[in-house]
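Bear in mind that the values here come from a model prediction, so they are computed numbers and not experimental data. Residue numbering restarts at 1 for every chain, and letters A, B, ... go by the order of the sequence lines. Values below: every heavy atom of this structure, side chains too, minus hydrogens, waters and symmetry copies.
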Protein chains: 2
Amino acid sequence: MNAHHLDRIDLHIIKLLQSDGRITNLQLSNEIGLSPAPTLERVRKLENQGYIKSYHAVVDEEALGFNVKCFIQITINLNVPDARNKFIQKINAIEEVVECHHVTGSSDFVVKLIAKDMKGYERIILEKLSKIEEIGHQSSMMILSSNVKPALPIVIEK
Amino acid sequence: MNAHHLDRIDLHIIKLLQSDGRITNLQLSNEIGLSPAPTLERVRKLENQGYIKSYHAVVDEEALGFNVKCFIQITINLNVPDARNKFIQKINAIEEVVECHHVTGSSDFVVKLIAKDMKGYERIILEKLSKIEEIGHQSSMMILSSNVKPALPIVIEK
DNA sequence: CGTGAAACTTTCAAGAT
DNA sequence: ATCTTGAAAGTTTCACG
């Protein structure tokens, strides 16, 4: 699965579906300059070969009441055997954990967590995070505001 | 714009569109137990009122050749007037910067950056990041692996 | 909110380049 | 090997009840 099998049209399809996940196949075919049938066939190929993984609506977190977001930097307690894998399993099972990144540097993991308010945040820390014995040290950064781009910088050559 | 105008059906629609952004209105109407017409009307309302912001395909970053990802913690040089706003503008203009979070703690910002390889990464640091005079100090964490959940933990009460 | 009908989109098979 | 066409099946969208 590498990018060598993708031609300009495939990259164009990926770019358009990334910026509008609900574009119709007909609109898509018009934009890329093919008829609907081969357009659909290419989209299915991109999905089946794993280039396109899924489609999602992006919701307004604040509008839905998620007003507290933070990153937590975590170091693993190396006294516990197989600590990394156990930690990964436990941390991802927490529904308020929306991202978990294994990283290099002075921390082992960066975890993103969301909650409706500070009381909810406190509850997650006390009842869920602090019960994970594989955690050695943690340090949190509250997110004040964010800019998240919905698409990768795909460049279509030639 | 707050969550008090959303009933159980609205939350159910949001949940389903978050987990499958390309579900048809007909399937959606079947799942929530309404006919297609009022279902579509509710979806349009959720879009127009800003609860649903957009729809996107999620692509496999590695399959598209983006093999280098990192978080960079940045502190702002407070000697420059209006440094925060200038920094935000400049950092978001870099196409390889896919996220920028203003945070509390010892850093001012956490920036997520993607590149195809280490050479590309070096080029971004040398040619783009290091030219932002508002940056005081920076420290990077390479991402080894990630788990990102595509949906918020929406709980439908009652 | 539901029904029904018109307009539009998806999808497939057949044939062209 | 990949494209276009055209037709059937399915979906969206609107007016009306």
Worksheet item: Within a radius of less than 6.0 Å around CD of Gln89(B), do more than 12 heavy atoms belonging to other residues, nucleotides or ligands occur?
Response: no

Worksheet item: Atom CD1 of Ile23(A) to atom P of dC8(C): distance rounded to whole Å?
Response: 17 Å

Worksheet item: Does a donor on one side chain and an acceptor on the other come within less than 3.5 Å for Asp117(A) and Asn67(A)?
Response: no

Discussion item. On DNA chain D, does the nearest nucleotide to Pro36(A) precede the nearest nucleotide to Arg22(A) from the 5' side, or the other way round? Give the residue.
Written reply: Pro36(A)

Discussion item. Could you check, using the six-membered ring where one of them is a Trp, whether His56(A) and Tyr55(B) have ring centers closer than 6.0 angstrom?
Written reply: no

Worksheet entry | Given dC12(C), dC1(C), dT9(C), the nucleotide with the shortest approach to the side chain of Leu26(A) | dT9(C)

Item to complete: Check the distance between dT10(C)'s P and Asn30(A)'s CG and give it to me in whole angstrom.
Response: 10 Å

Worksheet item: Which class fits the ring pair His101(A) and Phe71(B): parallel under 30°, tilted 30 to 60°, perpendicular over 60°?
Response: perpendicular

Fill in: Interatomic distance, Leu28(A) CG vs dT9(C) P [rounded to whole Å]
13 Å

Practice prompt. Answer with base, sugar-phosphate or nothing: what part of the nucleic acid does Thr24(B) contact at a heavy-atom distance below 4.0 Å?
Written response: sugar-phosphate

Worksheet entry | Nucleotide range of DNA chain D lying under 4.0 Å from chain B heavy atoms | dT11(D) to dC14(D)

Item to complete: Calculate the interatomic distance between Leu40(B) atom CG and dC1(C) atom P; express it in whole Å.
Response: 12 Å

Worksheet item: Can you check whether Ile72(A)'s main-chain N or O pairs, donor with acceptor, with Ser140(A)'s side chain at less than 3.5 Å?
Response: no

Worksheet item: Between Lys112(A) and Val148(B), is there a donor-acceptor pair closer than 3.5 Å when you use the side chain of the first and the backbone of the second?
Response: no

